[in-house]
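Some notes on the structure that comes next.
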Number of protein chains: 2
Amino acid sequence: MNIITISREFGSGGRELGKRLAGLLGFAYYDREILTTLAHNAALDETYVETALETGWLARIPLTFGASFTYLPSTPHDPAHLLREEHKLLRTLAQRGDCVIIGRNADLILQSMEPFKIFVYADLEAKLARCRAHAAKEEPVDDATLKRKIRQLDKQRANHHALLSAHAWGDKAGYHLCVNTTGRPIKTLSDQVAHYARAWFAARG
Amino acid sequence: MNIITISREFGSGGRELGKRLAGLLGFAYYDREILTTLAHNAALDETYVETALETGWLARIPLTFGASFTYLPSTPHDPAHLLREEHKLLRTLAQRGDCVIIGRNADLILQSMEPFKIFVYADLEAKLARCRAHAAKEEPVDDATLKRKIRQLDKQRANHHALLSAHAWGDKAGYHLCVNTTGRPIKTLSDQVAHYARAWFAARG
């Protein structure tokens with residue numbers, strides 16, 4: 001199975017890159033779908049699931065987290081339960097066939113399936129510009145708010161990651177390829193990375 | 001002019017990757033040649049030039065280093081003089097035509113020529129294995145010595161870099177692409193990176 005995981009800084013264009021990559025390679029693409037499925041399976045609201053997975057369980061995480069969940073209470077709306085379900089779902093999706101997975105610590109959770117691990121990043125100015133362009137479609141947001149959001153979301157991602165890995169989130173040592181999107185069209189970069197990924201999987205045989 | 005700069009951790013295979021890349025792209029390749037030329041021009045021993053550039057001038061560097069050298073004494077064997085000559089030589093070489101340059105902070109010195117900046121790295125174990133294989137051809141070295149050497153050389157590179165840049169050496173923010181060579185044949189990786197670089201320069205037009 002050829003699996004590509006995309007970890008990315010907020011506003012770097014990593015999601016778009018991943019989506020294009022999946023298109024170019026003919027791989028399945030999993031992103032928001034993961035939350036939708038989890039919410040559906042647990043008969044819960046998707047926003048609740050998202051929040052629960054992002055922050056809800058951090059407060060009550062035991063120190064032995066990495067080793068076992070089993071003694072934790074297990075109700076469908078329990079964040080720890082949702083997290084277990086998420087891990088299960090990721091494995092199921094990955095076993096189904098070649099795919100690109102955005103975020104969700106898939107690089108760590110699917111480690112045994114040897115994913116091709118990409119980290120996408122950019123300069124703060126470039127990320128702000130991308131966020132601005134994106135926000136403009138909905139409602140304009142000032143730069144200070146955007147900067148705070150970028151910092152906050154990346155911090156959240158880093159915190160999650162820290163619970164599962166010895167490498168810090170975004171530390172290049174934890175990835176096979178790190179792609180700086182500053183000043184480059186994502187479309188062109190996607191072509192380049194798609195070729196790189198093809199050769200990567202071909203060399204693995 | 002299409003310029004590729006390769007910064008690399010010691011033992012990561014960055015030099016080999018750069019050399020292959022130059023071959024695949026039909027670019028000139030500059031590495032050791034830079035020291036040889038500097039030594040020749042100054043009628044100095046190459047090893048002296050190397051040491052002078054690597055450590056000799058650090059002790060006497062003024063705080064205003066980035067801004068001006070002009071009030072420093074200027075004799076051919078003066079490390080600061082050699083450093084100026086190195087920067088000049090790098091610019092001359094880069095203006096001559098498409099090229100791959102290994103190390104020497106070319107990523108920073110040639111910044112205005114917009115080089116494609118690559119950082120090559122690997123896990124410590126992979127670097128040790130590469131160093132071991134390389135050392136075996138000459139004389140066997142124990143792991144503790146190799147580890148010390150890796151740490152020492154990378155530290156030296158980081159120190160140099162710190163004098164010229166706001167980004168730390170090896171911080172992915174300072175590069176366009178970071179390539180992890182752990183467990184991958186350099187030959188295959190070179191093909192992948194060559195394709196990436198071609199598309200990079202083509203997109204720039």
Side-chain angles (χ1 to χ4, degrees), chain A residues 4-5 7-9 12 14 17 20-21 24 107 111 114-127 150 154 165-205, chain B residues 4-5 7-9 12 14 17 20-21 24 107 111 114-127 150 154 165-205:
Chain A
I4 298 176
T5 62
S7 312
R8 77 290 181 211
E9 290 176 355
S12 68
L17 192 144
R20 286 182 179 275
L21 204 53
L24 288 163
D107 54 328
Q111 181 60 45
E114 299 183 11
F116 176 41
K117 300 186 270 188
I118 302 177
F119 191 87
V120 183
Y121 63 105
D123 291 355
L124 182 60
E125 263 317 309
K127 291 188 284 190
I150 290 175
D154 284 355
S165 171
H167 293 300
W169 178 82
D171 173 356
K172 63 186 186 312
Y175 310 93
H176 295 116
L177 191 72
C178 302
V179 177
N180 190 339
T181 61
T182 310
R184 312 291 299 187
I186 299 291
K187 190 175 173 307
T188 321
L189 282 177
S190 308
D191 289 340
Q192 293 168 234
V193 176
H195 185 278
Y196 198 102
R198 254 187 228 110
W200 179 273
F201 292 123
R204 201 174 63 171
Chain B
I4 299 176
T5 61
S7 312
R8 77 289 182 213
E9 290 176 354
S12 67
L17 191 144
R20 286 182 179 275
L21 204 52
L24 289 163
D107 55 327
Q111 181 62 43
E114 299 184 11
F116 176 41
K117 300 185 270 187
I118 303 178
F119 191 87
V120 182
Y121 62 105
D123 292 354
L124 182 60
E125 262 318 309
K127 291 188 283 190
I150 291 174
D154 284 355
S165 170
H167 293 302
W169 177 83
D171 173 356
K172 64 187 185 311
Y175 310 93
H176 295 116
L177 192 72
C178 302
V179 178
N180 190 339
T181 62
T182 310
R184 311 290 299 187
I186 299 292
K187 191 176 174 311
T188 322
L189 282 177
S190 308
D191 289 341
Q192 292 167 234
V193 176
H195 185 278
Y196 198 101
R198 255 188 229 109
W200 180 272
F201 292 122
R204 200 175 62 170

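Residue numbering restarts at 1 for every chain, and letters A, B, ... go by the order of the sequence lines.
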Flag the one option from B:P185, B:G183, B:A199 with the top tally of heavy-atom pairs under 4.5 Å to chain A.
B:A199

If the condition is salt bridge (charged side-chain N to carboxylate O under 4.0 Å, His left out), which residues does B:E125 pass it with, not counting sequence neighbours?
B:R132

Might you point out which heavy atoms bring B:W200 and A:R184 nearest each other, and give the distance in Å?
O-NH2, 2.9 Å

A:H195 side, atom NE2; B:D191 side, atom CG - distance, nearest 0.5 Å
8.5 Å

Residue pair B:K172 / A:Y121: nearest heavy atoms and the distance that separates them:
O-OH, 2.7 Å

Which residue is it: B:L177, B:N180, B:L189? I am looking for the one with a side chain to side chain contact (heavy atoms under 4.5 Å, CB included) to A:L177.
B:L177

Here the pair of heavy atoms bringing B:A173 nearest to A:D123 is O-OD1, 4.2 Å

Approximate separation, where rounding is to 0.5 Å, of A:C178 SG and B:F119 CZ
10.5 Å

Test A:Y196 against B:V193 for side chain to side chain contact (heavy atoms under 4.5 Å, CB included), laying out the working first.
CA-CA 7 Å; A:Y196 198 102; B:V193 176; 3.9 Å; yes

Residue from B:A122, B:A202, B:G170 scoring the most non-hydrogen pairs under 4.5 Å with chain A is B:G170

Tell me, for A:R198 versus chain B, whether the close heavy atoms (under 4.5 Å) come from the side chain, the backbone, both or neither.
neither

